[in-house]
Novice: 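Here's a structure for you.
Since we're looking at a predicted model, the values are computed, not measured.
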Amino acid sequence: MGKAMLRQIIDYASRADPYPLYEELRRTPVFHDADGPYVVSTYHEILALLHDPRISSDPRNLTLPSSDPLAEDEGDESALPPVFLKLDPPDHDRLRRITNRPFGPPHSPRRVDDMRGELDGIVAGLIDGIAGSGSLERIDLVDQFSYPFPVTVICRLLGVPHEDESRFHGWADTIAASLDPDPDADPAEPHKGASEAQIELGMYLAGLIEERRKNPSEDMLSQLAAVHEKPDGAMSTLEMVSTAALLLIAGHETTVNLITNGMLTLLRHPDVLRRLRESPDLSVRIVEELLRYEPPVQMLPRRSTLADIDIGGVNIPKGATVSLILASGNRDPKRFENPDRFDPDRGDIQHLGLGSGIHSCFGAPLARLEAQVALSELARRLENPRLLEDPPPYRQNAVLRGPRHLRIACDGIREP
């Protein structure tokens, strides 16, 4: 197998269907080439490592092997300070707890649920925009729907003024381009543009935080910036900027893929699409199965070991680089019956699509709700939707895997 297999996994030619490669990879649950990372591809072993405190997410602990092809799609390091996603306890725990206070239980248990009406309105507006675009014979669902939707939601969550949302869209576009570079372009250009966008974004957020300190409202930035006594202390302005940028970039990119992969899968399974149109509540189970079947984050390629770890009959030494192939674990036949079958009626969908353990996806409740609202409304309002190309063109990035365009046609759009 060797490095050739790992190169195949990140090769763009495999992007449309990497799952046969993952099946081959699972024959060696913990694979290691002499000068490469330890690659873990089976469900139970991945789950164990996601909960193992001896695995570090802090890139400062990495001693990169001379050959680590799976790390090539992680993108450039941020110009901002480290986010809790890339920190270990106790720093991770402190920042995540502070961020969670205005976002979810126990302090803000209804933050996400209370956004449902706003999400409905954003989705309705985007679908109305498709209806008014003049052509239903060639709709790009990514550009016209699943790309603008999450960044608008993040803006509303953070409290970005409506008149500034277009600037946020621009920064998100530029930073996304660095995560998914054009193979024919100068490789330095996307990273340069992303660094500039990150700096501009950081300066804007710092200014908005100061404004919210003086004139707080009900948004998440106001609550993070509030100076009242907190058990974990207050975030610094730079920590708040990094956290807000994380919500924008990480939350946006994964949700775009979840919605787009979701609609592609539904169009390939018209019986499930029909059921969703008739029973919108099915969206909850559909989204969970999508997170297993076509996860928006395929792998976590840069973890490191803080001590020797025995896993899957292999000893991973201290200081080693570890890559966890989440999408492979989600198709492990030792965990899921008929794993290559898309089946929202599964009795047990305990997937790895949003990670697990202390680094499980912070924005999971919002991502789930966004996808549920988006897919149920697309199913309800698009008349006879059909794919114009299958497979569609995919993004270059093998980690954040999803279609770059999803061109469809439909016969009409129903009224809201």
Side-chain angles (χ1 to χ4, degrees), residues 46-62 74 77-78 80-115 150 153-154 157-159 198 201-202 205-206 209 212 219-255 258 291 295-297 300-304 306 324 326 351-370 400:
I46 293 171
L47 186 64
L49 292 177
L50 287 172
H51 287 263
D52 196 318
R54 297 170 295 175
I55 290 284
S56 171
S57 296
D58 190 330
R60 292 170 296 187
N61 290 324
L62 280 168
E74 275 240 299
E77 290 300 315
S78 172
L80 299 169
V83 294
F84 59 77
L85 187 70
K86 294 187 175 184
L87 291 172
D88 295 334
D91 293 334
H92 163 273
D93 299 352
R94 181 184 75 86
L95 290 174
R96 183 161 174 146
R97 277 195 303 267
I98 294 172
T99 309
N100 201 56
R101 290 178 73 89
F103 187 75
H107 304 286
S108 306
R110 297 199 56 81
R111 165 72 71 180
V112 172
D113 281 347
D114 285 349
M115 291 188 73
V153 174
I154 294 292
L157 177 72
L158 292 175
Q198 286 170 348
L201 171 64
L205 287 169
I209 287 163
R212 288 294 182 269
D219 56 70
M220 191 169 170
L221 269 187
S222 293
Q223 291 179 271
L224 284 175
V227 295
H228 57 71
E229 205 64 34
K230 298 174 183 175
D232 291 294
M235 280 188 185
S236 69
T237 297
L238 278 179
E239 286 173 335
M240 274 187 272
V241 168
S242 285
T243 299
L246 171 68
L247 292 173
L248 169 66
I249 298 161
H252 176 246
E253 292 303 304
T254 52
T255 308
L258 178 56
L291 285 163
V297 178
L300 302 175
R302 299 179 75 186
R303 298 293 181 267
S304 55
L306 301 176
L324 307 176
L326 304 179
H351 55 75
L352 302 171
L354 296 169
S356 191
I358 65 167
H359 287 289
S360 61
C361 176
F362 175 83
L366 182 58
R368 284 183 161 110
L369 185 59
E370 286 178 277
L400 299 168

Novice: Are Leu354 and Ser360 close enough that some pair of their side-chain heavy atoms sits under 4.5 Å apart?
Specialist: no
Novice: Under the criterion side chain to side chain contact (heavy atoms under 4.5 Å, CB included), I'd like the reasoning laid out for Phe362 against Leu246: C-alpha separation, chi angles, the key distance, then a yes or no.
Specialist: CA-CA 10 Å; Phe362 175 83; Leu246 171 68; over 6 Å; no
Novice: If you define the side chain from C-beta out and look only at heavy atoms, does anything of Leu50 sit under 4.5 Å from Leu300?
Specialist: yes
Novice: Are any non-hydrogen side-chain atoms of Pro150 and Glu370 less than 4.5 angstrom apart?
Specialist: yes
Novice: Side chain of Ser242, backbone of Glu239: donor and acceptor closer than 3.5 Å?
Specialist: no
Novice: Determine the minimum heavy-atom distance between Pro53 and Leu306, stating which atoms define it.
Specialist: O-CD1, 3.9 Å
Novice: Using only atom types and a distance under 3.5 Å, with no angle test, would you say the side chain of Arg212 pairs donor to acceptor with the backbone of Asp219?
Specialist: no
Novice: If only side-chain N and O atoms count, and only distance matters, is there a donor-acceptor pair under 3.5 Å linking Ser57 with Arg303?
Specialist: yes
Novice: Answer yes or no: is there a side-chain heavy-atom contact under 4.5 Å between Met220 and Thr99?
Specialist: yes
Novice: Is there a side-chain contact between Lys86 and Arg60, using heavy atoms and a 4.5 Å cut-off?
Specialist: no
Novice: Find the distance between CE (Met235) and CG (Leu224) and round it off to the nearest 0.5 Å.
Specialist: 5.5 Å
Novice: Do His92 and Ile358 have side chains that get closer than 4.5 Å, going by heavy atoms?
Specialist: yes
Novice: Is any side-chain heavy atom of Phe84 closer than 4.5 Å to one of Thr243?
Specialist: yes
Novice: Verify the distance criterion only: is there a donor paired with an acceptor across the side chains of Ser304 and Asn61 at less than 3.5 Å?
Specialist: no
Novice: Contact between Ile46 and Leu326 at the side-chain level, heavy atoms closer than 4.5 Å - yes or no?
Specialist: yes
Novice: Under 3.5 Å, side chain of Asn100 to main-chain N/O of Phe103, donor-acceptor pair present?
Specialist: no
